[in-house]
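The structure appears below as structure tokens.
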Amino acid sequence: MPIIIKDFEWSESEGKLDIIVPQKGIKSANIDIMVTPLYVKVNYSPYFFELHLKKEIDDSKTRIVFEDNMVKIYLIKVSPSIWDVIVNPEAKEPSKRRELVSSAFQYYEKKVQDDVEKRKQVKADQNKIALRTAMDQESQEKDRIESVKQAERDKVAQEMDEWQSMDDDQREKRYFKSIATSKQPENECEDTIDTNAVAVVSEEIKQTSETVPATEPDNKALSAAEERARKFEKIKHNLANPLKLEDKSNSKKEKKVTENKKKDDVWSKGPRKATEIAVSFSPRYFPSAARESLAAEEEAWIEKNIRAQTVVKPKDAKDTDTKDEERNPMWLSDKAGAFYKMGNFPAAVNAYSEAIGISPFLPKLYINRASCYILLSLFEDAVTDCTRALDLLTPPVDANRLSRVRTLAKRGSALCQLGYLDKALEDYQLASKLSPEDEGLKSDIQTLLSQTSGNTTATAAVPDVAVAT
């Protein structure tokens, strides 16, 4: 059953209504708050608070603040006025209250669905804008590329027009000039012409022109022009790649000589010298041999602990008020831990006792109940629970070593309070032996040794009583 919160505070003005609900030490992330025009609900297990408002408020302007272990809800009234009473008098009748709650939840569900649809619409609009922007950018890029292409077309067309308007001599000079310019370094003048290339080409043209008589018919003049153009292309190719064939033949020769040299080097060196190879082995996974390990004991402890945690109290036909989770020892243990954190130690003891009644073989229930007994000054009961926990923490393996350390320290603290200093010293020494790196245990042992030698009553520090594992 939930615990109804009644110790809330409220204040109002003509336009505002402030409600303050205690947070009870619960984290704000675990608090569920629902606000509608006529209904306010605050739920954080095991506490529950609800309020049926007398008049409507504007739920879209609600402001919620978590401050000073309080939940502060600031509401805005729809109609400015002084209410004097904030609770709707119709909510006192159970049937009317159920109707009001049902309508409030229907309104809240519709509001949530509308918010989800609104977010979907906003996201869809943002995606459309992003798509439109990408399409605009792509269109601009296409226009830019097309403008560059058009500029190149215009440039080529202009050059073709200029070429067609030239006579043969002008075309030859321009052709030789372009060849010479392509072979020059960047820092040389563009107007410099390769004189050797011009001389060679001129000689070829002269020979060609001499072979064609001036009185030949038009078809022979045309074939001479074609021959002349072919010679231009051949000369152009030779000027661009003068050493291409020679380079290929030289590279093949060099490759063959290199391969022969490698073969000679291999046979001339003789057999290889002997050497040593260092082999490093990977470290052993287990620190001890299989016959010395505690693998079987570890598995037995894990199986025993799991079996104790999964025990559930059978459902009694006469017991109709007990919920299913209240018959689970782990749920009761978590509930006791929550009571302990809030400082409600008697309630924690009751919850741990109920869990022990269901599963009496779970050590951590006795360890945690002993912590509560120590804080309630019930030291004899704490010693009994610690002794029972140590009996259950078997077989003694590394998985339950820390639990045994905590249990021995708790029992030693309780024995100190009862005046059994020698027995308390034995428990602290056993705990220190199991956890030699714990400086707190060493300090307590030194304190007990000094006080037992002086025969005075020792008061050892109560160890941390966090939930045991």
Side-chain angles (χ1 to χ4, degrees), residues 25 27 283-288 292-295 297-298 301-302 304-305 333-334 336-343 345 348-349 352 362-469:
K27 294 181 179 180
R284 293 178 58 197
Y285 183 76
F286 293 101
S288 59
E292 301 174 6
S293 68
L294 300 176
E297 288 80 358
E298 293 277 359
W301 159 251
I302 293 173
K304 175 182 176 182
N305 203 24
S333 177
D334 294 339
F339 285 134
Y340 178 85
K341 291 178 180 178
M342 290 188 292
F345 304 122
V349 169
Y352 281 128
L362 198 56
K364 78 171 188 177
L365 299 176
Y366 295 96
I367 298 172
N368 293 335
R369 189 172 70 172
S371 301
C372 298
Y373 280 146
I374 290 175
L375 294 173
L376 293 172
S377 300
L378 301 175
F379 303 114
E380 293 181 355
D381 294 333
V383 171
T384 303
D385 275 1
C386 289
T387 303
R388 177 58 178 159
L390 289 172
D391 292 339
L392 294 174
L393 288 170
T394 54
V397 292
D398 190 65
N400 57 27
R401 180 179 61 84
L402 293 179
S403 297
R404 285 181 283 136
V405 171
R406 296 192 189 100
T407 307
L408 288 168
K410 285 179 173 56
R411 189 171 72 174
S413 178
L415 289 171
C416 284
Q417 300 294 340
L418 294 173
Y420 300 106
L421 303 184
D422 294 336
K423 294 182 178 180
L425 181 59
E426 292 178 2
D427 283 348
Y428 273 105
Q429 288 175 341
L430 287 174
S432 180
K433 185 177 180 181
L434 291 173
S435 181
E437 69 280 359
D438 194 331
E439 297 297 332
L441 291 174
K442 295 178 181 179
S443 176
D444 289 339
I445 290 172
Q446 294 299 324
T447 303
L448 282 173
L449 288 173
S450 61
Q451 293 184 355
T452 50
S453 61
N455 197 16
T456 59
T457 302
T459 305
V462 178
D464 185 11
V465 286
V467 175
T469 57

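As a basis for the values below, the full set of heavy atoms in this structure was taken, side chains included, without hydrogen atoms, waters or symmetry mates.
- Between L393 atom CG and L402 atom CG the span is 11.0 Å, to the nearest 0.5 Å.
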### Query
Please walk me through it: do F345 and Y340 pass ring pair (Phe, Tyr, Trp, His ring centres under 6.0 Å)?
CA-CA 5 Å; F345 304 122; Y340 178 85; 5.3 Å; yes
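- Between E380 and T384, every side-chain heavy-atom pair lies at or beyond the 4.5 Å cut-off.
- Closest approach of F339 to A348, counting heavy atoms only: CB-N, 3.9 Å.
- Taking CG of L425 as the reference point, atom CD of Q451 lies at 11.0 Å (rounded to 0.5 Å).
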### Task
Using the side chain to side chain contact (heavy atoms under 4.5 Å, CB included) rule, take Q446 and K442 through it: C-alpha gap first, then chi angles, then the decisive distance, then the call.
CA-CA 6 Å; Q446 294 299 324; K442 295 178 181 179; 5.6 Å; no
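- In terms of heavy atoms, T407 sits closest to A389 at CG2-CB, 4.0 Å.
- Under the 4.5 Å side-chain criterion, counting only non-hydrogen atoms from C-beta, C386 is not in contact with Y366.
- Minimum interatomic distance between G412 and A424 (heavy atoms only, all atoms of both residues): O-CB, 3.3 Å.
- By the 4.5 Å heavy-atom criterion applied to side chains, S435 and E437 are counted as neighbours.
- With rounding to the nearest 0.5 Å, the separation of CZ in R369 from NZ in K410 is 14.0 Å.
- Here salt bridge (charged side-chain N to carboxylate O under 4.0 Å, His left out) pairs that include residues 412-424, with residues two or more places apart or in two chains, number zero.
- Annotation: side chain of D381 is not in contact with side chain of L376 (no heavy-atom distance under 4.5 Å).
- Nearest heavy-atom pair, S450 versus T447, reported as atom, atom and distance to 0.1 Å: OG-O, 2.7 Å.
- For T387 (side chain) and V383 (main-chain N/O), a donor-acceptor pair under 3.5 Å exists by modelled atom type.
- No salt bridge links D385 with R388; every basic N to acidic carboxylate O contact stays at or beyond 4.0 Å.
- The distance from atom OG of S377 to atom CD of Q417, rounded to the nearest 0.5 Å, is 7.5 Å.
- Here CZ of R404 is found 11.0 Å from CD1 of I367. Values are rounded to the nearest 0.5 Å.
- Of all the heavy atoms in L408 and L430, the pair that sits closest is CD1-CB, 3.8 Å.
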### Message
Would L449 and I445 count as a side chain to side chain contact (heavy atoms under 4.5 Å, CB included) here? Give the steps.
### Response
CA-CA 6 Å; L449 288 173; I445 290 172; 3.9 Å; yes
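- Taking CG of L415 as the start and CG of L448 as the end, the distance is 10.5 Å to the nearest 0.5 Å.
- Taking both residues in full, the closest heavy atoms of Y352 and S333 are given as CE2-OG, 4.0 Å, listed atom of the first, atom of the second, then distance.
- Evaluation of the ring pair (Phe, Tyr, Trp, His ring centres under 6.0 Å) rule for Y420 yields no partner, not counting sequence neighbours.
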